[in-house]
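Remarks on the structure that follows.
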There are 2 protein chains.
Amino acid sequence: MTNAATVSEAAAGTQSIGRAAAILRFLAASPGHGTALGAVVSETGLSKPTSRRILLALIAAGLVEQDPVSRRYFLGPEACVLGSAAAHRFGLHRLAFEGVLRLARETGDAAFFQIRRNFFAVCLQREDGDYPLRSHVLAAGDRHPLGVGAAGIALVAALPEDDARAVLADNAEIIGARYPMLTRAMIDDTVAEARAKGYSLNRGLLFPGSWGLGMAVRGPHGRHDGCLSLAAVESRMQPEREAELAALLAGEVRRLEQRLREPIHNP
Amino acid sequence: MTNAATVSEAAAGTQSIGRAAAILRFLAASPGHGTALGAVVSETGLSKPTSRRILLALIAAGLVEQDPVSRRYFLGPEACVLGSAAAHRFGLHRLAFEGVLRLARETGDAAFFQIRRNFFAVCLQREDGDYPLRSHVLAAGDRHPLGVGAAGIALVAALPEDDARAVLADNAEIIGARYPMLTRAMIDDTVAEARAKGYSLNRGLLFPGSWGLGMAVRGPHGRHDGCLSLAAVESRMQPEREAELAALLAGEVRRLEQRLREPIHNP
DNA sequence: AAAGCATGATCCATATTGTGGATCGCAGTC
DNA sequence: GACTGCGATCCACAATATGGATCATGCTTT
């Protein structure tokens with residue numbers, strides 16, 4: 001019972017549903033040009049016929065589509081509907097949407113909205129600004145363990161000290177395996193810095209030259225933890241601009257938290 | 001075996017997935033205060049233990065959440081993630097989002113974005129303006145057969161004549177059963193009017209006093225059919241204001257279609 | 001307060017359902 | 001023209017989901 005997810009949530013009942021969900025997650029994380037059957041097979045560890053059967057079922061349900069010529073699989077329109085309805089409930093994303101757009105426009109760099117999901121941060125939205133040098137380390141749908149990346153750091157830093165320690169301990173194994181360039185000391189330092197400054201700064205730890213700046217959004221209920229962040233090439237996050245970006249980010253976070261406090265989200 | 005979940009897509013393989021999808025659709029269509037197990041059972045026709053087992057599996061997958069005290073079920077955060085990724089692929093909603101907001105703000109009434117899904121129009125987004133008299137006939141997640149409501153009419157009117165006839169014929173049964181107040185003649189008249197005017201006007205056919213105005217959005221590929229629409233009380237859609245609203249709607253539709261033509265949606 | 005009712009959670013023997021090794025089919029490539 | 005990689009599909013096997021019946025719980029009734 002060290003960590004769940006990635007190691008499966010086996011257990012209860014109907015497990016084709018769990019498998020289907022895993023496939024959907026994988027499709028969601030894939031870039032725009034679709035996913036091949038083989039990729040699904042090797043990613044999920046399921047057999048080829050099983051993967052295909054599940055995909056067919058998902059297609060019948062409208063949650064997945066298959067391009068008739070390339071034979072690649074995509075998320076389908078029904079997924080769009082689901083997400084839209086869910087977003088309604090999780091008001092955060094709906095409210096954050098415009099803020100992310102504004103951030104991308106005003107800074108010219110890439111802006112993100114991520115939410116916490118178990119021990120991971122999932123990127124729900126990416127918007128690009130018009131500056132031609134862009135970091136493509138993070139895309140919509142990507143999922144990194146808490147503690148990794150600007151958002152992962154900001155989210156950890158926003159937790160009570162004990163919880164933060166627990167989360168990082170739980171994630172240590174995954175991080176060690178998937179991000180060998182990260183040491184626990186680097187993470188702890190960055191978290192400490194984020195606590196002090198009020199925002200996290202990732203100085204190219206994940207990928208050299210790709211810097212990130214993140215600030216957590218805390219809902220009134222404690223849950224609904226989200227994070228706004230920016231990514232840019234190193235030269236665009238030097239101290240003077242860092243301060244400027246942090247101020248913009250702080251402005252959006254404030255606006256968001258204020259709207260979250262308004263009692264009437266769902267008219 | 002008369003109907004399963006609105007006619008069913010029975011057939012292929014792994015059918016727990018189809019059932020799960022039906023449950024998800026139902027949850028998506030439910031209002032904000034969650035869904036009781038009993039409602040799921042009676043809606044889907046599944047047995048109580050089966051429904052519960054599927055719900056448990058969906059909970060394990062993060063697609064559903066259960067409120068521990070009320071025992072009601074909601075869409076979970078993972079659904080949000082999925083939808084966000086799918087929306088990326090279906091650029092339409094992403095692009096439409098702001099337009100719907102603007103429409104709601106500028107008109108003061110309720111604005112909607114709907115997409116065509118098989119023979120149905122699904123409401124992906126609803127934004128309310130600040131006018132205190134509002135129509136709550138249509139909510140996000142709702143699904144009406146094509147031919148019903150302002151959007152359903154606009155979408156049919158946007159089809160080639162033959163397809164439109166085919167769709168209406170296919171939907172006649174459902175419409176007859178679920179919307180007894182609608183006659184085929186009324187639908188045909190409204191469609192004809194929409195073809196002539198370039199937008200549809202629903203004069204309270206679904207619900208007395210609740211008027212709607214819709215205009216289809218056609219993507220460059222023919223697919224991606226969406227629809228922007230407005231709903232208001234009857235007094236707010238009299239001829240002079242109707243023209244004004246139609247102009248606003250047309251402006252947003254034009255903007256949207258133009259952005260759809262830009263080749264680079266996914267940077 | 002106790003009985004009654006409605007709704008959710010759970011058991012467990014049954015058979016329906018999904019499983020995956022092996023096979024076939026189709027492109028693109030050498 | 002044979003090869004290779006990948007997707008689609010068969011089919012005997014057994015693991016899996018199924019649902020009638022039962023128990024648990026919270027809320028209303030008199």
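Here is how names work: the chains are called A, B, and so on, in the same order as the sequence lines, proteins then strands, and each is numbered from 1.
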Lys/Arg-Asp/Glu bridge criterion (N-O < 4.0 Å) met for Glu257(A), Arg218(A) | no
Would you indicate, yes or no, if dG19(D) has its OP1 or OP2 atom less than 4.0 angstrom from a side-chain nitrogen or oxygen of Thr50(B)?
-> yes
N/O (side chain, Arg52(A)) to phosphate O (OP1/OP2, dG7(D)) under 4.0 Å = no
Return yes if some donor-acceptor pair links the side-chain N/O of Ser42(B) with the main-chain N/O of Ala39(B) below 3.5 Å, else return no.
-> yes
So, the side chain of Asn171(B) versus the backbone of Leu146(B): is there a donor-acceptor pair under 3.5 Å, distance only?
-> yes
Tell me, for nucleotides 22-30 of chain C in 5' to 3' order, what letter each nucleotide earns: B for a base near a protein heavy atom under 4.0 Å, S for only sugar-phosphate near one, - for neither?
-> ---------
Which residue lies toward the 5' end of DNA chain D, Arg19(A) or Ala39(A), if each is placed at its nearest nucleotide?
-> Ala39(A)
Exceeds 12 heavy-atom contacts within 6.0 angstrom, atom OH of Tyr179(B) | yes
Sorted by chain and residue number, the salt bridge (charged side-chain N to carboxylate O under 4.0 Å, His left out) partners of Arg72(B) (sequence neighbours excluded) come out as none
Counting any heavy atom closer than 4.0 Å, what does Arg72(A) reach on the DNA or RNA strands: base, sugar-phosphate only, or nothing?
-> nothing
Phe26(B) atom CZ: more than 12 heavy-atom contacts under 6.0 Å = yes
Can you tell me how far P of dA17(D) sits from CG of Leu58(B), to the nearest Å?
-> 13 Å
Measure from CG on Leu56(B) to P on dG19(D) and round the result to the nearest Å.
-> 16 Å
Phosphate contact (dT7(C) OP1 or OP2) by Tyr73(B) side-chain N/O below 4.0 Å | no
Of Ile54(B) and Leu37(A), whose closest DNA chain D nucleotide lies nearer the 5' terminus?
-> Leu37(A)
Under 4.0 Å between a Lys/Arg side-chain N and an Asp/Glu carboxylate O for Arg143(A) and Glu78(B)?
-> yes
Rounded to whole angstrom units, what separation is found between the CD1 atom of Ile17(A) and the P atom of dT16(D)?
-> 14 Å
Looking at dG7(D), dG19(D), dT19(C), which one has an atom nearest to any side-chain atom of Ala36(A)?
-> dG7(D)
Starting from P on dT18(D), measure out to CG on Leu55(B) and report it in whole angstrom.
-> 12 Å
Should Gln66(B) be listed as having a side-chain N or O under 4.0 Å from OP1 or OP2 of dG8(C)?
-> no
Distance check: side-chain N/O of Arg71(B) vs OP1/OP2 of dA9(C), anything under 4.0 Å?
-> yes
